[in-house]
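In what follows, a structure is listed as structure tokens, so that the remarks can point back to it.
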Amino acid sequence: MVPASAAPATTPTSATATAQQSAAAESTTAPTMPQPTMRAPKPAPTSQATTSAAKAATSKAKNVAKPASVAVTTGPVIDDTDRAKPVTTSKTKTVTTDQSQTPRTPAEIAARQAANETAVRALCDYLLAVVKELGVTADLDVDFGNRYATLNFDTAKQGLLIGKHGRTINALQDLAQVYMNHHGASHVNVVLDVDDYRERRTATLKRLAESTAREVIATGKQVFLDPMPSFERKLIHAELANNHHVTTFSEGRDPHRAVVVAIRK
């Protein structure tokens, strides 16, 4: 009877232990199953936090950078490039001004005068050869200075050398100026004269300017003068510059450029 009563006592205990073990096993295994599911979303909050942190850092950087740009925009209107340009330009101008204002040494002045004299002598030989081809035999009297050279022809054929309205002598003068330019003496102004023709021509142009002004004032219409070289047009402009009733201007292209005298408005 003892074994029979002992058997039932041990059976429930083992069954209970077995049930507890199985429950413990289930409870132990139950939380381990959803762990992959629980771990999967964890990186997402981490990435969102990182993204939000990056955005916050970017916004902070923008906020930090904005005051600099605003300060530049609201500051002086002159930018860096504009500030740099005047400095370079001023330096260049200063150097140019210093070079132009540098006084020449006596040796340089003497060398320049010698070169100009050589060019004028060569010009005289050239012009005598040219007028000889025109059938004119002449001599030349030279009045030479630092920035001018007046060459006066002495010939018996004055009319042939002057030409109609001074066209021949004016053409020779233009040719002489080009010759001097090509020989490094462009700053020397050349004037050709024959038997005081330039003086007589100046008096004639002054009378022409006054008579034309009176005609324009009387008729109220503008008057076109004959084509003239530039130095003669300048004389007309200068003669009528102080006239309060008329004005002068030039029209056309050389060698057909002429002075126009009109009513001053």
Side-chain angles (χ1 to χ4, degrees), residues 96-97 99-134 136 138-155 157-209 225-242 248-259:
T96 305
T97 304
Q99 290 178 353
S100 62
Q101 293 181 355
T102 302
R104 297 182 181 273
T105 62
E108 291 176 346
I109 296 175
R112 174 59 65 86
Q113 291 178 350
N116 292 343
E117 185 176 356
T118 302
V120 170
R121 291 183 182 275
L123 174 62
C124 293
D125 295 337
Y126 173 74
L127 291 176
L128 290 176
V130 171
V131 298
K132 186 177 181 180
E133 296 295 329
L134 297 176
V136 177
D139 294 328
L140 273 174
D141 295 331
V142 181
D143 183 12
F144 173 66
N146 188 23
R147 292 187 175 274
Y148 73 92
T150 303
L151 282 64
N152 191 4
F153 286 95
D154 184 10
T155 179
K157 298 181 179 180
Q158 302 170 356
L160 181 61
L161 193 57
I162 294 173
K164 185 178 180 180
H165 299 301
R167 293 175 182 174
T168 303
I169 193 68
N170 290 338
L172 288 173
Q173 182 168 299
D174 292 339
L175 188 62
Q177 192 65 62
V178 172
Y179 183 93
M180 293 294 287
N181 295 344
H182 282 281
H183 285 74
S186 58
H187 61 282
V188 177
N189 185 33
V190 181
V191 177
L192 301 187
D193 197 3
V194 180
D195 193 24
D196 297 329
Y197 167 75
R198 296 300 181 190
E199 183 179 353
R200 291 184 279 112
R201 178 63 175 171
T202 298
T204 300
L205 291 176
K206 288 182 177 181
R207 290 194 300 270
L208 176 64
L225 300 180
D226 292 333
M228 301 177 186
S230 60
F231 62 92
E232 291 186 350
R233 294 197 304 269
K234 290 178 182 178
L235 196 151
I236 298 291
H237 294 314
E239 184 66 21
L240 297 179
N242 296 326
T248 61
F249 56 92
S250 297
E251 284 191 359
R253 300 181 64 179
D254 288 327
H256 305 291
R257 191 168 178 82
V259 175

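- The minimum heavy-atom distance between Val142 and Leu151, with the atom names listed, is CG2-CG, 4.3 Å.
- The minimum heavy-atom distance linking Gln177 with Ser186 is given by the pair NE2-O, 4.0 Å.
- No donor-acceptor pair closer than 3.5 Å links the side chain of Asn152 to the backbone N or O of Asp141.
- Between the side chain of Glu117 and the backbone N or O of Arg112, no donor-acceptor pair lies under 3.5 Å.
- Scanning both residues, Val191 and Gln173, for their nearest heavy atoms gives CA-OE1, 3.5 Å.
- Pairing each heavy atom of Ala185 with each of Ala119, the nearest pair is CB-CB, 4.4 Å.
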Worked check of side chain to side chain donor-acceptor pair (under 3.5 Å) between His237 and Ser250: CA-CA 9 Å; His237 294 314; Ser250 297; 3.1 Å; yes
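- One finds the CG atom of Asp154 at 11.0 Å from the CG atom of Leu161 (value rounded to the nearest 0.5 Å).
- Under the 3.5 Å distance criterion, the side-chain polar atoms of Arg233 are left unmatched by any main-chain donor or acceptor of Val259.
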Give the intermediate values and the outcome of side chain to side chain donor-acceptor pair (under 3.5 Å) for residues His165 and Asn170. CA-CA 9 Å; His165 299 301; Asn170 290 338; over 6 Å; no
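- Separating the OG1 atom in Thr248 from the CG atom in Leu225 is a distance of 9.5 Å, to the nearest 0.5 Å.
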Mind running side chain to side chain contact (heavy atoms under 4.5 Å, CB included) on Phe231 and Arg198 for me, showing each step along the way? CA-CA 11 Å; Phe231 62 92; Arg198 296 300 181 190; 3.5 Å; yes
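- More than 12 heavy atoms of other residues, nucleotides or ligands sit less than 6.0 Å from atom CZ of Arg200.
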Decide side chain to side chain contact (heavy atoms under 4.5 Å, CB included) for Met228 and Leu208; before the verdict, give the C-alpha distance in whole Å, the side-chain angles of both, and the deciding distance to 0.1 Å. CA-CA 13 Å; Met228 301 177 186; Leu208 176 64; 3.9 Å; yes
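- Taking 4.5 Å as the limit, some side-chain heavy atom of Leu140 sits within range of a side-chain heavy atom of Phe153.
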Could you walk me through whether Leu192 and Tyr197 satisfy the side chain to side chain contact (heavy atoms under 4.5 Å, CB included) test, starting with their C-alpha distance in whole Å, then the side-chain angles of each, then the deciding distance to 0.1 Å, before giving a yes or no? CA-CA 9 Å; Leu192 301 187; Tyr197 167 75; over 6 Å; no
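- Here the CG-OG1 distance, from Leu160 to Thr155, works out to 8.0 Å after rounding to the nearest 0.5 Å.
- Contact detail for Ala176 and Val190: the closest heavy-atom pair is CB-CG1, 3.9 Å.
- Contact record, Gly163 with Thr168: CA-OG1, 3.4 Å, taken as the closest heavy-atom pair.
- Heavy-atom neighbours of Glu199 CD from other residues, nucleotides or ligands within 6.0 Å: at or below the threshold of 12.
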Kindly determine whether Leu205 and Ile236 satisfy side chain to side chain contact (heavy atoms under 4.5 Å, CB included), including the steps that lead there. CA-CA 7 Å; Leu205 291 176; Ile236 298 291; 4.1 Å; yes
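- With rounding to the nearest 0.5 Å, the separation of CZ in Arg207 from OG1 in Thr202 is 10.5 Å.
- Distance CZ/Arg147 to CG/Asn116: 9.0 Å, rounded to 0.5 Å.
- Once rounded to the nearest 0.5 Å, the distance linking CG of Asn181 with NE2 of His187 reads 10.5 Å.
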